[in-house]
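A, B, ... follow the sequence lines: proteins, then strands. Residue 1 opens every chain. Keep in mind that what you see is a predicted model, and the values were worked out from it rather than measured.
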Amino acid sequence: MKIKALRGFKDWLPEDFSCYAHLIDKARQVLSLYGFKEVKLPILEKTELFVRSIGEVTDIVQKETYTFEDRNGELVTLRPEATAGMCRMFVEHGLFNRPKPLKLFTVGPMFRHERPQKGRLREFYQISVEFFGKLTPLMEAELIYLALQILNSPKKISPVLEVNSLGCADCRPAFREYLVKELSKVKSRLCEVCQQRLERNPLRILDCKKEGCKEVVKGLKPISEFWCEACRSHFSSLLKGLKELGVSYEQNPFLVRGLDYYQRTIFEIKVPGLGAQDTICAGGRYDGLVLELGGPPEINATGFAIGVERWALALFEEEKPAFLKPPFVFLALLGEKARLYGLKIAKSLREAGIPTEATYEEKSLKAQLKDANRLGVKLAIILGEDELEKGVATLRDMEKSMQEEVPLKELLEKVKSKCLS
RNA sequence: GAGGCUGUAGCUCAACUGGUAGAGCACCGGGCUGUGGCCCCGGGUGUUGCGGGUUCGAGCCCCGUCAGCCUCCCCA
């Protein structure tokens, strides 16, 4: 029986890898333009970190984490997202003492034990961007703009931005109370899942896709009516900022988040037509999280995460283009002496930064040129007994099908000049 | 976690009502022992996802299982 990859875990073959690497590279360029610094976080953390940050009663923590005891009997979890780890790092290393705002990001795999689907893997890559400090609504507007900039950097796509505010610790409880009160009256009209949510996580009912629940939700007062004065002006400043940046958005009063740590501004960026998993980026503000993890109370934070595989789906539909660059030179070597000499040529070409390929196999010239052709090189260097005796190499231009003899001493310079032109 | 659809070569797919697995591309070799792409010739590279069952006989039917996809759930 052949051993196969785990369910929901995917290999990245060279053509996949080059594509994802290209996207991440583009994202890094944009992020550095905005002053974000990259960090690396552990993939494995104490389970407690996610229970405290994401929330004990969230679906992610309750049924989607890879949690197990390590060899010392400690309960550990493969990170399902990066924000919790980022905040842990922020507090653990006293980064709150550094000049603020502090702009950080990280790229890497996340793990969630869900049922796999297109655009939903159990191991998937996120670009996770976080912003710590004393944050104004305009900073948030800029952060959202940054997310859109990244998404559009390799190629224009048509993302749809949805924004909402969840209110703060002062005003959200009133809304929650209202929800529970109103929805309890019509509990029987809600779906089974929502009836359970009513007790555990009532805000999520706003997000339910069932028609019956949607109907009920429509009759409710929107969260905006419960915002306190501070939340209200915060949100309107944010919208002003977005308008100033020329960002079009949809205000979705039913938008909520599955992670408990969010407060006030939240947003989601979707790409219609991707199927059920059409959210390629989501984020929001999580002011209380740093405090919850033992940091100082005055630190605000906001951020977002981009799902790299989903982003790629949005950009390239079905087929991912290959971003692999072909080598520039192929050495076709005939005879043992030539092959030995070829080692030196390849070495010096590569030292000069010229991508070079050679196989050192005992193969016919025909076969070697075939290899060269398949690799898509511009130049083939043919070296056999004849050339060695004359102290030259045959330099063949594979596109023009023209060739010339070049003295071995001038070979490197000649190839270099071809490489530049 | 729930329901559904699917699973044949590296890839895309074919094989009548059950009769013993084939085509294109790719790959390898040759035509051409020192000149690639085009062309021609040759090569099938397979535990029909896996395990059982029914049957004289299973790629096809049944059961289980694994995986992918779709919807739900959830979310990036």
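If you check every strand for non-hydrogen atoms under 4.0 Å, A:Glu362 touches nothing. When heavy atoms are screened at a 4.0 angstrom cut-off, A:Leu333 is found touching no nucleic acid atom at all. Among the heavy atoms of the strands lying under 4.0 Å from A:Ile382 is at least one base atom, whether or not backbone atoms are also near. A:Glu81 comes within 4.0 angstrom of no nucleic acid atom, judged by non-hydrogen atoms across all strands. Residue contacts for A:Arg115: at a heavy-atom cut-off of 4.0 Å it reaches a base atom on one of the strands shown. A:Arg204 comes within contact range of the sugar-phosphate backbone alone, with a heavy-atom separation under 4.0 Å but no base atom that close.
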Table please: side-chain donor-acceptor pairs of residues 322-337 of chain A below 3.5 Å, with sequence neighbours left out.
from	atom 1	to	atom 2	distance (Å)
A:Glu336	OE1	A:Arg339	NE	3.3
A:Glu336	OE1	A:Arg339	NH2	3.1

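Comparing the C1' positions of B:A15 and B:A9 gives an interatomic distance of 14 Å, to the nearest angstrom. Nucleotides B:U8 and B:G44 are separated by 14 Å at their C1' atoms, to the nearest Å. Taking atom C1' on both B:U20 and B:C25, the two are 27 Å apart, rounded to the nearest angstrom. Rounded to whole Å, the C1' atom of B:C75 lies 47 Å from the corresponding atom of B:C16. When the P atom is used for both B:G59 and B:C73, the distance is 41 Å, rounded to whole Å. Taking the C1' atom of each, B:A21 and B:C13 are spaced 13 Å apart, rounded to whole Å. Comparing B:C62 with B:G19, their P atoms are spaced 15 Å from each other, to the whole Å. Rounded to whole Å, the P atom of B:C63 lies 15 Å from the corresponding atom of B:G3.
For A:Lys414 and A:Glu410, the salt-bridge test fails: no basic side-chain N is under 4.0 Å from an acidic carboxylate O. Between A:Lys218 and A:Glu215 there is a salt bridge, since a side-chain N of the basic residue sits under 4.0 Å from a carboxylate O of the acidic one. For A:Glu114 and A:Arg122, the salt-bridge test fails: no basic side-chain N is under 4.0 Å from an acidic carboxylate O. Of the charged side-chain nitrogens involved, at least one lies within less than 4.0 Å of a carboxylate oxygen, so that A:Arg28 and A:Glu38 count as a salt-bridged pair.
Each of A:Phe9 and A:Arg120 has a nearest nucleotide on RNA chain B; the 5'-most of these lies closest to A:Phe9. Each of A:Glu309 and A:Lys10 was matched to the nucleotide of RNA chain B holding its nearest heavy atom; the match closer to the 5' end belongs to A:Lys10.
Between the side chain of A:Ser364 and the base of B:G34, no donor-acceptor pair under 3.5 Å is found.
Regarding contacts with the backbone of B:G36, every side-chain N or O of A:Gln368 stays at 4.0 angstrom or more from both OP1 and OP2.
Between the side chain of A:Trp311 and the main chain of A:Leu23, no donor-acceptor pair closer than 3.5 Å is present. Looking only at distances, a side-chain donor or acceptor of A:Arg52 sits under 3.5 Å from a matching main-chain atom of A:Glu292.
Side-chain contact annotation: A:Thr359 with A:Glu361, donor-acceptor N/O pair under 3.5 Å present.
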Q) Hey, mind stepping through A:Glu123 and A:Lys10 against salt bridge (charged side-chain N to carboxylate O under 4.0 Å, His left out) and telling me if it holds? A) CA-CA 8 Å; A:Glu123 180 196 36; A:Lys10 244 180 152 173; over 6 Å; no

Practice task
Kindly determine whether A:Asp371 and A:Lys363 satisfy salt bridge (charged side-chain N to carboxylate O under 4.0 Å, His left out), including the steps that lead there.
Solution key: CA-CA 10 Å; A:Asp371 290 343; A:Lys363 264 186 174 178; 2.6 Å; yes

| request: Given side-chain hydrogen bond (donor to acceptor under 3.5 Å, both in side chains), test A:Gln117 with A:Gln277 step by step and report yes or no. | output: CA-CA 8 Å; A:Gln117 235 179 285; A:Gln277 269 62 52; 3.2 Å; yes

TODO: Give the C-alpha distance, both sets of side-chain angles, the deciding distance and a yes or no for side-chain hydrogen bond (donor to acceptor under 3.5 Å, both in side chains) between A:Glu399 and A:Ser401.
DONE: CA-CA 6 Å; A:Glu399 281 162 356; A:Ser401 292; over 6 Å; no

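What separates CD of A:Glu64 from P of B:C73 is a distance of 13 Å, to the nearest Å.
Shown here is A:Tyr360, whose OH atom has more than 12 heavy atoms of other residues, nucleotides or ligands within 6.0 Å. Heavy atoms from other residues, nucleotides or ligands lying under 6.0 Å from NZ of A:Lys347 number 12 at most. In the displayed structure, A:Glu92 atom CD is contacted under 6.0 Å by more than 12 heavy atoms of other residues, nucleotides or ligands.
Residue ring and nucleobase are stacked for A:Phe124 and B:A76, with a centre distance beneath 5.5 angstrom and an angle between planes beneath 30°.
Non-hydrogen atoms lying under 4.0 Å from RNA chain B are contributed by A:Lys370, A:Asn373, A:Arg374, all within residues 370-378 of chain A. Residues from residues 14-30 of chain A placing a heavy atom under 4.0 Å of any atom in RNA chain B do not occur. Of the residues in residues 402-417 of chain A, those lying under 4.0 Å from RNA chain B by heavy-atom distance are A:Gln403.
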Annotated structure of RNA chain B as dot-bracket, pair cut-off 3.5 Å, Watson-Crick or G-U only, | for inter-strand, is (((((((..((((.....[..))))((((((.......))))).)...(((((..]....))))))))))))....

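A:Phe9 and A:Tyr66 have perpendicular rings, their planes meeting at more than 60° on a 0 to 90° scale where under 30° would count as parallel.
The six-membered or imidazole ring of A:Phe226 lies near that of A:Tyr178, with a centre-to-centre distance under 6.0 Å.
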Distances under 3.5 Å only, N/O to N/O: pair up the protein atoms with those of nucleotides 8-11 of chain B.
none

